[in-house]
Amino acid sequence: MRETEQNAAKAYREQFGGEPDLIVSAPGRVNLIGEHTDYNGGFVLPCAIDRRIAVAVGAGEGGFETRLYSADFDETRQIEDKDSSWADYPRGVAWAMRKAGHEIGEFMAAFAGDVPLGSGLSSSAAIEAATALALDALFGLGVGRTDLAIICQRAENDYVGVGTGIMDQYASLLCEAGAALLVDCRSLEAQSVPLDLTAADLALVVCDSRVERGLADTGYNDRRATCERAASMLGVEVLRDATEEDLTSLSGEELKRARHVVSENARLLEAVEALEEGDFDEFGRLMYASHASLRDDYEVSTPELDTFVEAAKQHGARGARLTGAGFGGCAIALVPRSETAAFTDSCWQAFAEREFEEPAFYEFVPAAGAEVAR
Ligand code: GLA
């Protein structure tokens, strides 16, 4: 068992007494390319990271109230009463499962994890996915993974109240180790694309810019609304259906946002081809182009994220870009393995020169999606 899984089991024993029936864990993610495309019916290419949230669960006895415990916050919560805490995610999942007609009995759940929180690495999708897979197994529901992902998205959209797309939940539930996941966010078909960084002698370096993100109260919903407006001006259902030619009839914000979505979908498909051919020069070039488009057309970058990507370019990264929603959070870079220490030093220095918050750096390997550990 992984350390997070052991920690969840230990927390369960200490809080609830006895052994848990099951231990499940689910990862956070980074998105390699295809940003702000999921809610436009387009394509995304995330990979799971080797940071997870684990949950140990047991069925509650008759008359027992469902209790949730977080080892990271050292807090116990009841299943009722939304309170804008971490507990809203498991609450939302249980709620969405019941809404979908599944029978969820009383249960006890203890969580422990090592996904950095609030950094744009999808700790929320990880706790949702872990809860969903755990409840599915505990109550013998037999819901497939894609349907569990949809349930998790519903929990996030309609219970927690953040209008995210499907990418993060899909990544957490469906990714495979050593691979990225190509998702067509309209048909919801997904397929693994091998991501053999070791063979390419590359490392996936993640820079947490330490700029707090707040998805709900930032421009995320605003960007979404502009895309919907642009789609309706073009007479298409979603921007996935818009072409480069269509863009000529738009102007202002609608033009910029739509141009990002149309070009990003095209870049993603080229990037998948490059990956399949093991062409990381081309893949990296597309990452840089994606960042420029997010910065200039979608306007979701920050000076910190731009500084990282510029420093990455100067210090030998094959590609780099912000990852996730933007407005702070993380950026990624593909860096030759032997150069990662010098690389992060240089980036750290670029931040120091501009008197930005000290960034945090991680090196992740493409990891497995949600799993029942025991
Ligand atoms: C957040 C959302 C995702 C996706 C990205 C941007 O991570 O949760 O659904 O929209 O932003 O690509």
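Just follow the structure's listing: the first ligand is 1, and inside any ligand the first atom is 1.
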**Q.** Y220 and Y39 aromatic ring geometry - parallel, tilted or perpendicular at 30°/60° bounds
**A.**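 The rings of Y39 and Y220 stand perpendicular, inter-plane angle above 60°.
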
Q: Check whether more than 12 heavy atoms from other residues, nucleotides or ligands sit under 6.0 Å from atom NZ of K99, and answer yes or no.
A: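 Check fails, neighbour count at 12 or below.
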
Q.
With a heavy-atom distance limit of 4.0 Å, tell me whether R29 approaches ligand 1 through its side chain, its backbone, both, or neither.
A.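 Within the 4.0 Å criterion, R29 contacts ligand 1 through side-chain atoms alone.
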
Q.
Suppose I only count heavy atoms of H36 and a 4.0 Å limit; which atoms of ligand 1 are within that range?
A.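 Every atom of ligand 1 under 4.0 Å from some heavy atom of H36: 6 (C), 12 (O).
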
Q.
Taking only non-hydrogen atoms of R223, do any sit less than 4.0 angstrom from ligand 1?
A.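 R223 does not count as a contact of ligand 1 under the 4.0 Å cut-off.
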
Q: Check whether any side-chain heavy atom of S119 sits under 4.5 Å from a side-chain heavy atom of C330, and report yes or no.
A: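 They are in side-chain contact.
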
Q: Please identify which atoms of ligand 1 are closer than 4.0 Å to at least one heavy atom of M167.
A: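 It comes down to these atoms of ligand 1: 4 (C), 5 (C), 12 (O).
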
(Q) For the 3.5 Å polar cut-off, considering only N or O atoms, please tell me whether E35 and ligand 1 meet it. (A)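 Looking only at distances, the answer is yes, because the N/O contact criterion of under 3.5 Å is met.
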
Q: Give the atoms of ligand 1, by number and element, whose distance to some non-hydrogen atom of Y39 is under 4.0 Å.
A: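 Within the 4.0 Å cut-off of Y39, ligand 1 contributes 10 (O).
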
Q) In ligand 1, which numbered atoms sit nearer than 4.0 Å to a non-hydrogen atom of T164? A)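 Close to T164: 2 (C), 8 (O), 9 (O).
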
Q) Does an N or O anywhere in G165 fall below 3.5 Å from an N or O of ligand 1? A)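 N/O-N/O distance under 3.5 Å: yes.
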
(Q) Within a 6.0 Å radius of atom CD on E237, are there more than 12 heavy atoms belonging to other residues, nucleotides or ligands? (A)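 No, not enclosed.
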
Q: Give every residue pair that meets the salt bridge (Lys or Arg N to Asp or Glu O under 4.0 Å) criterion with at least one member in residues 34-46, sequence neighbours excluded.
A: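 Pairs touching residues 34-46 that pass the test: E35-R321.
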
Q) Just wondering, more than 12 heavy atoms not from E189 lying within 6.0 Å of its CD? A)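 12 or below, so no.
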
Q. So is there a nitrogen or oxygen of T37 less than 3.5 Å from a nitrogen or oxygen in ligand 1?
A.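 No; the residue has no nitrogen or oxygen that sits under 3.5 Å from a nitrogen or oxygen of the ligand.
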
Q: Using the salt bridge (Lys or Arg N to Asp or Glu O under 4.0 Å) rule, collect all pairs that involve residues 352-374, keeping only residues at least two apart or in two chains.
A: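 For residues 352-374: R2-E371, E19-R374.
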
Q: Give the single entry among D168, L322, D38 that approaches atom 8 (O) of ligand 1 most closely by any heavy atom.
A: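 Checking each option, the heavy atom nearest atom 8 (O) of ligand 1 is found in D168.
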
